[in-house]
Amino acid sequence: MHPAFSVIFLTTFIGVGQGLFLALFTSESYAAVKLLPLQSHQFYAMGSAVSLIFLGLGLLASFFHLGHPERAWRAAAMWRTSWLSREVIVLPIVMGLVFVYGMSHFYGWELKTFGLKTPVQGDLTLLVGALGTVATFGLFVCTGMIYACIRFLQEWANPLTVINYILLGGASGFVLATALASIMAPALVQFFGVWSIIITALAFVFRLASLIRNAGLRSKSSVQSAIGVSHNKIVQKSPGMMGGSFNTREYFHGAPMWLFRSVKWIFLLLVFPLPIMLISIGMAQASTLLLMLAFVVQYLGLIPERWFFFAQANHPQNIYYQTIG
Amino acid sequence: MTQLALVIDLNVCVGCHACVTSCKEWNTSGPAGFMSDDNPYDKDPTGTFFNRVQTFEVGQYPDTETVHFPKSCLHCEDPPCVPVCPTGASYKREEDGIVLVDYDKCIGCKYCSWACPYGAREIDEHQKVMKKCTLCVDRIYDQSLPESERKPACVLACPTSARLFGDIHDPRSEASIAIREEGGYQLMPEWGTKPANHYLRRRKTRIKIHEDELIRADNPLKKEQRGPSKPVTEPTLDDSTSW
């Protein structure tokens, strides 16, 4: 497939936003059972704002993918059948919940503000945070299933696609949370840092698994099944046009093979070992700069990672466009 | 249930592209608006088409055969492009099974084109909506046309009648009979899309004549115990007369 930068930025940006929100709420729920020191409301409010910025940037990027962005509202219609439609609905829900979560922290709202008394401290933020967590995971599943549900794109049609969206988004969000904590909540740096390393390592395992799986894939379709002629040797002489068409532009990445191959090694380096190294050193030296660098490096790695994810998918229609002649 | 479809006979398709040009001509002039082109008379011409004829060479030289392969939307009975559409712009008509795009609802996200294994959908680069074969839905029901012309433009244009049009759920339609009797098949059956359009294979027609058929060993005159007349040696009327 031809990787569209609008979709690359959409999926990576919302991944960061979702991961960061999950990180914030994880630390808050640990604090609620007194496993971690409770942080100032400002930290959570600030973190939510950063998460919202990333979610908003992703939403903005998605509009550049559309031919008719002014009709985007229509995309909420077919949620019964379309994962894309479900994503269109869940993304604003996540943004709304993160917004309410941040506001509740900023103004110190609790349920008693609205006349409901509970013995739990910070009950409103915990409630909104829990709802937000469910919605966030829902959004990850929607995003992943958009690709995983197309059964004949064999590189995508696998649970690993959804798992990788969750883990890669989670990893980048936790790394960003580590960097933010080093500025605003130093007590949480170790907590976020260790989780970042664990999630990044897990993401490495599952991304590697999908790379290995895809390397061994055999296409179910062949030129024989595509045109229905059973002969071992069939050569295309003409695709039915002289110049290109949508079919030759949309479904081929168009990059030279050396670039395609090196992108894989670039992202494998930038997304996994380098950030883990930078976080470890950053935690040891309590260096905000290194932790920030870890996030930037990982995010810069996620762009080629997503590019490769799209480019690697080999659409069966490409069988019909093997020769330009 | 009606399922309109095309049956394309690869045995008689000569690859003349008349279906391609007539399709473009009809559909670019239709009420749904033009199908845009870029650089049509220049380097790297490109444009939106609903139908294309591709050419494949089967076999190893010198035992090769050229197969011309017209390719358009197959109007699948279980179309994977329809459920993925987030706006409902892509839909399959209940009444005749034609898969259509509502150009006023399409947001141009291209997701349906990813979900079509055949690459049958093309985005119009200027109108920014997804387009595909409509089976000439604007002409097959047009009461102002004589009934014989209420067929897709490609079918009418085909000089070798390689394209049959009809309801494949009606066992007595021309299309159904062709599928049944000539071995019609579907493209990429492995994906379970159940394409409505069918193709007919290349087939060789050979007559097998045995020698005894030539000498008429079973000549019925034998039964009547009258031998066939002797070969004629003198000139006959045909030989001597010019008609």
Side-chain angles (χ1 to χ4, degrees), chain A residues 1 4 62 65-72 74-88 146-147 149-153 220-221 223 225-229 231 233-251 313 315-321 325, chain B residues 10 17 20 39 43-49 52-60 65-67 69-71 80 82-89 105-111 113-125 127-130 185-192 199 201-202:
Chain A
M1 301 296 294
S62 74
H65 187 66
L66 303 182
H68 282 278
E70 78 281 5
R71 299 177 187 164
R74 286 187 179 277
M78 289 289 135
W79 54 272
R80 285 182 189 84
T81 60
S82 170
W83 283 104
L84 179 54
S85 188
R86 288 170 199 161
E87 188 191 38
V88 166
I146 286 175
Y147 308 102
C149 77
I150 304 178
R151 58 187 183 274
F152 41 82
L153 278 166
K220 272 193 197 173
S221 293
V223 65
S225 75
I227 67 169
V229 175
H231 192 295
K233 190 168 158 49
I234 301 175
V235 183
Q236 186 170 30
K237 291 292 172 187
S238 157
M241 87 255 315
M242 292 190 296
S245 74
F246 177 73
N247 301 78
T248 60
R249 290 188 293 268
E250 180 72 7
Y251 304 91
H315 200 284
Q317 81 101 35
N318 293 1
I319 294 168
Y320 295 107
Y321 298 90
Chain B
L10 299 183
H17 291 249
V20 179
N39 311 322
K43 192 171 173 273
D44 298 326
T46 186
T48 318
F49 283 80
R52 297 185 191 270
V53 178
Q54 307 192 317
T55 303
F56 293 85
E57 190 177 79
V58 178
Q60 185 93 39
E65 197 168 354
T66 302
V67 175
F69 177 78
K71 172 173 166 284
V82 167
V84 301
C85 176
T87 68
K105 280 189 188 168
C106 177
I107 57 172
C109 70
K110 305 181 197 167
Y111 191 28
S113 71
W114 295 9
C116 169
Y118 308 99
R121 293 169 164 252
E122 298 187 17
I123 199 144
D124 190 303
E125 300 285 359
Q127 294 173 20
K128 299 284 179 195
V129 292
M130 196 53 74
Y185 64 89
Q186 297 167 319
L187 305 182
M188 293 189 190
E190 61 271 23
W191 300 117
Y199 285 78
R201 274 173 217 291
R202 301 283 301 214

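Lettering of chains follows the sequences in order, A, B, ..., and the numbering in each one begins at 1.
- Interface remark: of the candidates Gly59(B), Pro86(B), Gly108(B), Cys109(B), Pro86(B) forms the most heavy-atom pairs closer than 4.5 Å to chain A.
- Salt-bridge annotation for Arg151(A) and Glu190(B): absent, with no side-chain N of the basic residue lying under 4.0 Å from a carboxylate O of the acidic one.
- Ranked by heavy-atom pairs under 4.5 Å with chain B, the first of Ala77(A), Ser245(A), Gly228(A), Ser62(A) is Gly228(A).
- Remark: Met130(B) pairs with Phe246(A), Cys106(B), Lys110(B), Cys112(B), Ser113(B), Arg121(B), Ile123(B) by the side-chain contact (heavy atoms from CB on, under 4.5 Å) rule, at least two apart or across chains.
- A cation-pi arrangement is not found for Lys237(A) relative to Phe56(B), the charged atom failing to lie both closer than 6.0 Å to the ring centre and inside a 45° cone about the ring normal.
- Taking the side-chain contact (heavy atoms from CB on, under 4.5 Å) definition, one finds that Pro69(A) meets it with Phe63(A), Leu66(A), sequence neighbours left out.
- Judged by distance alone, the side chain of Gln317(A) and the main-chain N or O of Tyr118(B) form no donor-acceptor pair under 3.5 Å.
- Remark: side-chain polar atoms of Ser82(A) are paired, donor with acceptor, to backbone N or O of Val84(B) under 3.5 angstrom.
- His315(A) places a side-chain N or O within 3.5 Å of a backbone atom of Trp114(B) that can act as its donor or acceptor partner.
- Checking side-chain atoms of Asp44(B) against main-chain N and O of Gly243(A) turns up no donor-acceptor pair under 3.5 Å.
- By number of non-hydrogen pairs under 4.5 angstrom with chain B, the leading residue of Ile319(A), Ile146(A), Val88(A), Val223(A) is Ile146(A).
- Looking at Val235(A), both its backbone and its side chain come within 4.5 Å of chain B, counting heavy atoms on both sides.
- Proximity to chain B is limited to the backbone of Ala76(A), based on heavy atoms less than 4.5 angstrom apart.
- Side chain of Tyr185(B) to backbone of Ile227(A): a donor-acceptor contact under 3.5 angstrom is found.
- Within the 4.5 angstrom heavy-atom criterion, atoms from both the backbone and the side chain of Val58(B) approach chain A.
- When heavy atoms are compared at a cutoff of 4.5 Å, Gln127(B) approaches chain A solely by way of its backbone atoms N, CA, C and O.
- Of the two parts of Glu87(A), neither the backbone nor the side chain holds a non-hydrogen atom closer than 4.5 Å to a non-hydrogen atom of chain B.
- Residues Arg71(A) and Lys105(B) fail the side-chain proximity criterion, which asks for heavy atoms closer than 4.5 Å.
- With a 4.5 Å cut-off on non-hydrogen atoms, Lys43(B) does not touch chain A at all.
- Atoms CD and CZ, on Glu122(B) and Arg249(A) in that order, are 8.5 Å from each other to the nearest 0.5 Å.
- For chain A, the option among Ala115(B), Gly47(B), Ala89(B) with the highest count of heavy-atom pairs below 4.5 Å is Ala115(B).
- At least one donor-acceptor pair under 3.5 Å links the side chain of Thr81(A) to the backbone N or O of Pro83(B).
- Only the backbone of Cys85(B) comes within contact range of chain A, with at least one heavy atom under 4.5 Å from a heavy atom of that chain.
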